[in-house]
J.: 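Here's a structure for you.
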Amino acid sequence: MRKGVFITIEGGEGAGKSTLIELLSNKMLQRGKSVITTREPGGIPIAEKIRAVILDRQHVTMDGRTEALLYAAARRQHLVEKVLPALEEGKIVICDRFVDSSLAYQGHARGLGMEEVWAINQFAIQDLMPDLTLYMDVSPEVGLSRIAQAAEREINRLDLEKHSFHEKVREGYLMLLQQYPERITLINAEQSPKLVFHDVLTAIDERFAGFFATDVKL
Ligand code: TYD
């Protein structure tokens, strides 16, 4: 059994994942936990290069299956090089996106099929699933308007998809929630940042009551 804890943060565009991850890791560090934060696609040089290929706005001819395979390739390398070693060292790994993103975006929204996308991802992850996934739920209207207002955020190829694509992404996540109720917790990300953070800490407390034991109350 691995010694660390693997937490993934999921959600559509503008769900506030980055802000949450920063708050969460700071909170854990304050509590004396050993924690690393990372992201997909990317997190290490090889995967960052794959990320640049996937998200390049000029790559308008990219085939959906190619896209799914590239995400899975980046995921594999990131897992082997960064996530697994950290988990073996007993760290808490907080990762911005993981396999659920591929299932919701490529499997459901792109229409490749969740089962097929799951199959190629199994090859990449070999059953290594998160201990907890926080799904930050936000409507595309709210999420996309947040992105439009955040001047510093770069608009990538997937941001440019039609509104209906983002609706489908959300639908995909809600299907995953039904499928994995033990692993995935829905967080209402349309609330104020304070309430979002409160709900996240509550979810972590509930999920890891045994793991963090009495010395750490998040
Ligand atoms: P990013 O700029 O990191 O977006 P966000 O801040 O929303 O996470 O770009 C990642 C994009 O890649 C995002 O649009 C979601 C998409 N994506 C997939 O389609 N499939 C995947 O497996 C992953 C990891 C990301």
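All ligand and atom numbering here is 1-based and tracks the order in the structure. Only heavy atoms go into these numbers, but all of them, side chains included; no hydrogens, no water, no symmetry mates. Start at 1 with the first residue, then count along the sequence.
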J.: How far is atom 12 (O) of ligand 1 from its nearest protein heavy atom, and which residue and atom name does that atom have?
T.: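 For atom 12 (O) of ligand 1, the nearest protein heavy atom comes out as Tyr71 OH, 2.8 Å.
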
J.: Is the closest side-chain heavy-atom distance between Tyr135 and Arg170 below 4.5 Å?
T.: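 Yes, at least one pair of side-chain atoms sits under 4.5 Å.
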
J.: Would you say Lys82's side chain and Gly43's backbone share a donor-acceptor pair under 3.5 angstrom?
T.: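 Side chain of Lys82 to backbone of Gly43: a pair is present.
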
J.: By number and element, which atoms of ligand 1 are closer than 4.0 Å to a non-hydrogen atom of Arg75?
T.: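 Once the distances to Arg75 are compared, the set is 21 (C), 22 (O), 24 (C).
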
J.: With atom 15 (C) of ligand 1 as the reference point, say which of Arg97, Glu67, Arg51, Lys17 has the nearest heavy atom.
T.: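 Shortest heavy-atom distance from atom 15 (C) of ligand 1: Arg97.
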
J.: Return the closest protein heavy atom for atom 19 (O) of ligand 1 as residue, atom name and distance.
T.: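 The closest one turns out to be Gln106 NE2, 2.9 Å.
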
J.: So do the side chains of Phe98 and Ile125 get within less than 4.5 Å of each other, counting heavy atoms only?
T.: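 When only atoms from C-beta onward are counted, Ile125 and Phe98 do touch, with a gap below 4.5 Å.
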
J.: Identify, for atom 6 (O) of ligand 1, the protein heavy atom at the shortest distance, and state residue, atom and that distance.
T.: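 Answer for atom 6 (O) of ligand 1: Arg153 NH2, 3.3 Å.
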
J.: My understanding is that only one of Leu177, Thr8, Ile7, Leu176 makes a side-chain contact (heavy atoms from CB on, under 4.5 Å) with Thr133; could you say which?
T.: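 Testing Thr133 for a side-chain contact (heavy atoms from CB on, under 4.5 Å) against Leu177, Thr8, Ile7, Leu176 leaves exactly one candidate, Thr8.
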
J.: Identify the protein heavy atom lying closest to atom 22 (O) of ligand 1, giving its residue, its atom name and the separation to 0.1 Å.
T.: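 Protein heavy atom with the smallest distance to atom 22 (O) of ligand 1: Ser102 OG, 2.5 Å.
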
J.: Heavy atom under 4.0 Å from ligand 1: found in Asn156's side chain, backbone, both, or neither?
T.: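 It is the side chain that touches ligand 1; the backbone stays farther off.
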
J.: Would you call Val138 and Arg146 a side-chain contact if the rule is heavy atoms closer than 4.5 Å?
T.: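 The answer is yes, as the side chains (C-beta and beyond) meet within the 4.5 Å cut-off.
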
J.: Within the supplied structure, the quantity of interest is the number of heavy atoms (other residues, nucleotides, ligands) at a distance under 6.0 Å from Glu22 CD; does it exceed 12?
T.: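 It does not: Glu22 CD has 12 such atoms or fewer within range.
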
J.: Would you mind checking which non-hydrogen protein atom is closest to atom 14 (O) of ligand 1, with the distance to 0.1 Å?
T.: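 Sorting protein heavy atoms by distance from atom 14 (O) of ligand 1 puts Glu13 OE2, 3.0 Å first.
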
J.: Answer side chain, backbone, both or neither: which part of Val99 comes under 4.0 Å from ligand 1, heavy atoms only.
T.: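 Within the 4.0 Å criterion, Val99 makes no contact with ligand 1.
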
J.: Give a yes or no on this: more than 12 heavy atoms of other residues, nucleotides or ligands lie within 6.0 Å of atom NE2 of His59.
T.: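 Enclosed.
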
